[in-house]
There are 4 protein chains.
Amino acid sequence: MEKFNSEDLLFTKYHIRTDLALESHQAVIEQEGPPELPGVTVHTEEEEGITLTRIAVENDLGARLMGKAPGNYSTIQADGLREHNRDVHEKTAQLLAKEIEWFFEQSEVSAEDTVLVVGLGNWNATPDSLGPKVLENLMVTRHLLEMSPPELRRGLRPVAALAPGVLGLTGIETGEIILGVVERIGAKVVICIDALASRSVDRLCSTIQLSDTGIHPGAGVGNRRLAINRETLGIPVIAIGVPTVVHAVTIITDALNLMEGGQARDQAQGQPGRTQFKIDPQALLGKEPPSAPPAGQQPPLDRRQLLGQVLDPYFGSMIVTPKEIDLLIDEVADVVTGALNIAFHEGVSYDEVFKYLS
Amino acid sequence: MEKFNSEDLLFTKYHIRTDLALESHQAVIEQEGPPELPGVTVHTEEEEGITLTRIAVENDLGARLMGKAPGNYSTIQADGLREHNRDVHEKTAQLLAKEIEWFFEQSEVSAEDTVLVVGLGNWNATPDSLGPKVLENLMVTRHLLEMSPPELRRGLRPVAALAPGVLGLTGIETGEIILGVVERIGAKVVICIDALASRSVDRLCSTIQLSDTGIHPGAGVGNRRLAINRETLGIPVIAIGVPTVVHAVTIITDALNLMEGGQARDQAQGQPGRTQFKIDPQALLGKEPPSAPPAGQQPPLDRRQLLGQVLDPYFGSMIVTPKEIDLLIDEVADVVTGALNIAFHEGVSYDEVFKYLS
Amino acid sequence: MEKFNSEDLLFTKYHIRTDLALESHQAVIEQEGPPELPGVTVHTEEEEGITLTRIAVENDLGARLMGKAPGNYSTIQADGLREHNRDVHEKTAQLLAKEIEWFFEQSEVSAEDTVLVVGLGNWNATPDSLGPKVLENLMVTRHLLEMSPPELRRGLRPVAALAPGVLGLTGIETGEIILGVVERIGAKVVICIDALASRSVDRLCSTIQLSDTGIHPGAGVGNRRLAINRETLGIPVIAIGVPTVVHAVTIITDALNLMEGGQARDQAQGQPGRTQFKIDPQALLGKEPPSAPPAGQQPPLDRRQLLGQVLDPYFGSMIVTPKEIDLLIDEVADVVTGALNIAFHEGVSYDEVFKYLS
Amino acid sequence: MEKFNSEDLLFTKYHIRTDLALESHQAVIEQEGPPELPGVTVHTEEEEGITLTRIAVENDLGARLMGKAPGNYSTIQADGLREHNRDVHEKTAQLLAKEIEWFFEQSEVSAEDTVLVVGLGNWNATPDSLGPKVLENLMVTRHLLEMSPPELRRGLRPVAALAPGVLGLTGIETGEIILGVVERIGAKVVICIDALASRSVDRLCSTIQLSDTGIHPGAGVGNRRLAINRETLGIPVIAIGVPTVVHAVTIITDALNLMEGGQARDQAQGQPGRTQFKIDPQALLGKEPPSAPPAGQQPPLDRRQLLGQVLDPYFGSMIVTPKEIDLLIDEVADVVTGALNIAFHEGVSYDEVFKYLS
């Protein structure tokens, strides 16, 4: 399991809440200095307006710097996802399917291993409904294949699906439900679909993140809950998430930075103005509390912290979304479902999947 | 587990599909003769337009005659439930709460035992959405009580809830999911909420059945599936169901009977015209296949069988509902939720529950 | 306006309730004799599993025989619509678009005339939600084009849309709302989308009917309400409907016919066994009440009438649908929306429309 | 009609977007000085945690200062509305009903005048769905009373209802649809229900505003659209609104003020630190553009303006809501519906209304 609560760290230091490794990376670069972090590798490809970024957090140093557990994080960014453009939807689904297959290879999941797709979240609360919505058109096959002779299954993988609900509505840790079901059905890999929070409003419903480090529901001070990952379930866990909200506190601190010379944004876009690391990477691995930067060096951080303390009581549970969030979630859910249907079944062509889906 | 597939039996013999023990009892009386069945006791009370009927199937003979597993079946019938009358809703909720408590006593469930409420069915298909809807306003407390010291819990029972979905959407037997979760959380009793089929359109959304014999999902020829009952889960299972559909084949055969002199209906209403049992109860417990009545004695049954064979291919998957089914289900779901909230928590008064619910 | 209440006639005589001209035609042929009716022409084409039937009711005699107002009725039947097959969906949408264009030609609607699409029905009641659902993805352009110079509008028609609700929820005749809006915006043609009742369960969500005779909401004895047609609105009205329910009484009378030798069904499928007209067409246009057939000739009809009288109090408001009605309506609504988007805008290609729609 | 675009003014000057007169009043007091504005009267009552504030904008000077058209604005604030407390819901509904009756008196609406309730907004977009949701349980009576003799109508008012949709989905100005329907049915008063934007997150779903100045849909630069008020419809228009969102830009500028010494909030809470009016009220009524304050006097305003310009491109369409917005809207919609049902019908008691509603 994780040795630290990554989200807390990033929030304490920068008052940024984001579930995207890509944004954590940007935030650290932006605040701390040079464009490369020790223990973290970044690889980017772009094609036809869709950008794929693979970030590998290779060791504890990288994890501590990033505030993310060691593992692989891939991000697909396609601005066209928000423009109701079916071409972009189909290209993104194909790219996402390839990336799912790449994660299967990394985790040594084989072609006929049973997969359990878990749609996290609350279908009754719009910004949190991505997970259950992805399940709606998923090709579920486990119950059909159980009755088929193996020679007829070729190309079809047993797929099961579950929307476990949220703790407030079930009274049960989501991880407990999943663990119970994984054991009963003998799943070999779990794919969790979840709505995320991003730092930037531009990424809402236009970015898809995959990772193999699992899910930490409701991470937050005093709220330690059961993680959903390889350690707790005993099988690989691949998380696929789409940001649907920005926390109100995040948007405010970012706006403040915009006001203060627009530096933050410039740097976030890859033009870092500082070339020296402002903190000692080794210190992070030592005993010092990571949230205590060297005194006197970082007035902007002090300001962020103060801001966070002042704002949290007012805006803590407030979220920021686009007005048309209901429609955008429906569309990106279709993209994720399409990708899963393509990636799961060797014997099913891309065209067949799109024919199958209404 | 059951020694026979009860629904099949009633369907094969009478071409009636009903999940209500009360209607099974009526159908057998109607077809077979005297108003009392060996091994079956019936008790009825009525107050202010609400009728409570308790049927106990006491042994295998009763079970075989009724086509229902041995156990307790209570039915609450309130025509006013369909008339948007909040007074009737509240009275019915109170009566249902008392009946749930009676079932808890029968099953020796004590006041602080953890209960898992399972909302069966598909929230995306209106007539099958009762179970998930009942969960929406349920007071779920397990996660809250876990962190409370025992002395603060007095009067509040740990309640968890789960909407496991349906086999076609999950690829997993519903019973497997429940079993996995029951084991993980240590529940002491399961309450299953489900939409039922009745024989009579008059009962749709105006009748609530409780039973302690569990649930047999998708019972039907070639469709043997995992039951959800005390045998499979190891703890008491109380099923609460509301009829939301009539199978098309049922309505047609009943209409045919109406045409043939209106005898069937008269008898269903308690004026049986025949006083002699037409089949030998003992024979039912013997080797003979129960669906083969003595030749030549039952022209109406032959006709029903023929009818069923002819109609099933055309109408097998067709259901009959009132036009305003969406609204009626919302209302009866509120009644069931209210009753559960009252029955679960000794420390919560009826008024508090209704205040709590919006 | 109509000189008689067509639905009543067909129901009184045959106890069949159907909104499809194709089924009225079949029912009359089936009951009355030869495969051709005076004053009615029928034209059928079939391609790749999709059948297009155009019925023209050419005069009052045909109208009286059919129980349908004089005008054009086209029916597209595609069994594949119920099989989640996107190929069939797209082909059906293209064929429907062509047929809409043909109706525009018949009604002399030109390429830049403003169209008002009216989604009839209640979005809160599943079987009645087709109309509002079709509007969800409709390309609405009127407000955009009003601000554009004419030279930029080429190929785009002003399209407005309205979901007026149902009388029980608005307290206003739907026709009144439409009339008020048509006058305000100067629409040149109205297209009404509505859920229909068919006689046959096979047609549910697999048949689309177009007609230029308008809509008669809630037609029924004692329920005369404002029609929505060329006479009341002063502009062409094209109705597009999809059967989503069968009335319970219809299914029962049809089942009865199946039991009585299966004759009815054989004839419905085009093998009429009788070659003589059993009633005098001229008599229909005379003074005699049309629902009084010559005595002694039609025992099956007497039986139907009796049946209807007996059953109506029990089953009058009951409807029959497939279990998966929610999903089927979503899919057929997408087909209708796609066809409207193609048919309305000369400048928009089929591919562009499907790209635009998510 | 209005002589100026009030919302624009308040936004240009203070970068606050709010639809609540109460907040406009607070913002002006806060920025400009003394607690009383010329031409504006304020009256406040409080009982059992529910506060009623009546603001009368009495002339053009008051209107210009407030940025609100002349007329009556009542605000009911009940923090308990967000706490799922049915007692508070019922008390608020009763108080709202009385206030509706007060507005009826002000507008000389008599007991049997036909009322048209208009549910503005988009039922498919959660934060904008208040209007259509309020209609769901509204007692609609117009169609029933039309057929009743007058002596049987006593105590029941003819009520009609319409959810016209939004411009983007209909292509028709909402005002055009309402105007068309008002003319057809002869309504004597229109009540518009709408979701609003507030400045403060505390008010979301806990405040209800009534006004008799009508609705100005989509007010904003370059977006002049048809108002829905007494001038355009020719009959009284009473608007009932509930804030469901805060604009992202508003929350950021307010947070900035919090950071700058917390002055803004203190003043908003009634402790204004400045006692001198900083602008000349008469100048506002003159030729000078109202958004050009005397140079050099208002650094905070300059900062706000700069902030607005910088932030609008990034956050312009972003909204802030509580996470549980879906549930909160359902609950406040029930309160508004209950109040309308009580206020409309003299002959219907409060208890009967709550019985009628499920």
Side-chain angles (χ1 to χ4, degrees), chain A residues 114-119 122-125 129 132-147 156-187 217-218 222-226 232-233 337 344, chain B residues 114-119 122-125 129 132-147 156-187 217-218 222-226 232-233 337 344:
Chain A
T114 297
V115 59
L116 173 64
V117 184
V118 176
N122 179 358
W123 58 266
N124 241 349
S129 64
K133 279 193 175 151
V134 164
L135 301 196
E136 281 178 25
N137 289 315
L138 190 70
M139 283 171 58
V140 169
T141 54
R142 178 177 171 268
H143 56 310
L144 305 173
L145 295 180
E146 274 193 338
M147 304 175 193
L156 283 178
R157 174 198 300 276
V159 175
L162 187 72
V166 294
L167 178 61
L169 295 179
T170 63
I172 314 171
E173 286 282 351
T174 306
E176 286 183 288
I177 299 174
I178 298 171
L179 189 46
V181 172
V182 162
E183 285 170 355
R184 295 290 313 167
I185 72 171
N223 196 13
R224 261 323 40 219
R225 287 170 45 196
L226 188 62
T232 54
L233 298 187
T337 305
F344 287 162
Chain B
T114 297
V115 59
L116 173 65
V117 183
V118 176
N122 180 358
W123 58 267
N124 242 347
S129 63
K133 278 192 175 150
V134 165
L135 301 196
E136 281 177 26
N137 288 316
L138 190 69
M139 283 171 57
V140 169
T141 54
R142 178 177 172 268
H143 56 310
L144 305 173
L145 296 180
E146 274 194 338
M147 303 176 195
L156 282 178
R157 174 198 299 278
V159 175
L162 187 72
V166 294
L167 179 62
L169 295 180
T170 63
I172 313 171
E173 287 281 352
T174 305
E176 286 183 288
I177 298 174
I178 298 170
L179 188 46
V181 172
V182 162
E183 285 171 354
R184 295 289 314 168
I185 72 170
N223 197 12
R224 266 314 46 217
R225 289 170 44 196
L226 188 63
T232 54
L233 298 188
T337 304
F344 287 163

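The sequence lines fix the lettering, A, B, ..., with proteins before strands; numbering per chain opens at 1.
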| query | So which of B:L179, B:L162, B:V182 has the largest heavy-atom pair count under 4.5 angstrom toward chain A? | reply | B:L179
| field | Side chain, backbone, both or neither of A:E176 within contact of chain B (heavy atoms, under 4.5 Å) | value | both
| task | State the NE2-OG1 distance between B:H143 and A:T170, to the nearest 0.5 angstrom. | result | 7.5 Å
| task | Would you mind reporting whether B:E183 and A:R184 have side-chain heavy atoms less than 4.5 Å apart? | result | yes
| task | Examine whether an atom of B:I178 lies under 4.5 Å from a heavy atom of chain A, and if so say whether it belongs to the side chain, the backbone or both; otherwise answer neither. | result | neither
| Rounded distance (nearest 0.5 Å) linking atom CG of B:L169 with atom CG of A:N137 | 10.0 Å
| query | chain B: which of A:I177, A:I172, A:V181, A:V117 shares the most heavy-atom pairs with it under 4.5 Å? | reply | A:I172
| task | Would you mind checking which part of A:L135 comes under 4.5 Å of any heavy atom in chain B, side chain (CB onward), backbone (N, CA, C, O), both or neither? | result | neither
| message | Counting only non-hydrogen atoms closer than 4.5 Å, does A:L144 touch chain B with its backbone (N, CA, C, O), its side chain (CB onward), both, or neither? | response | neither
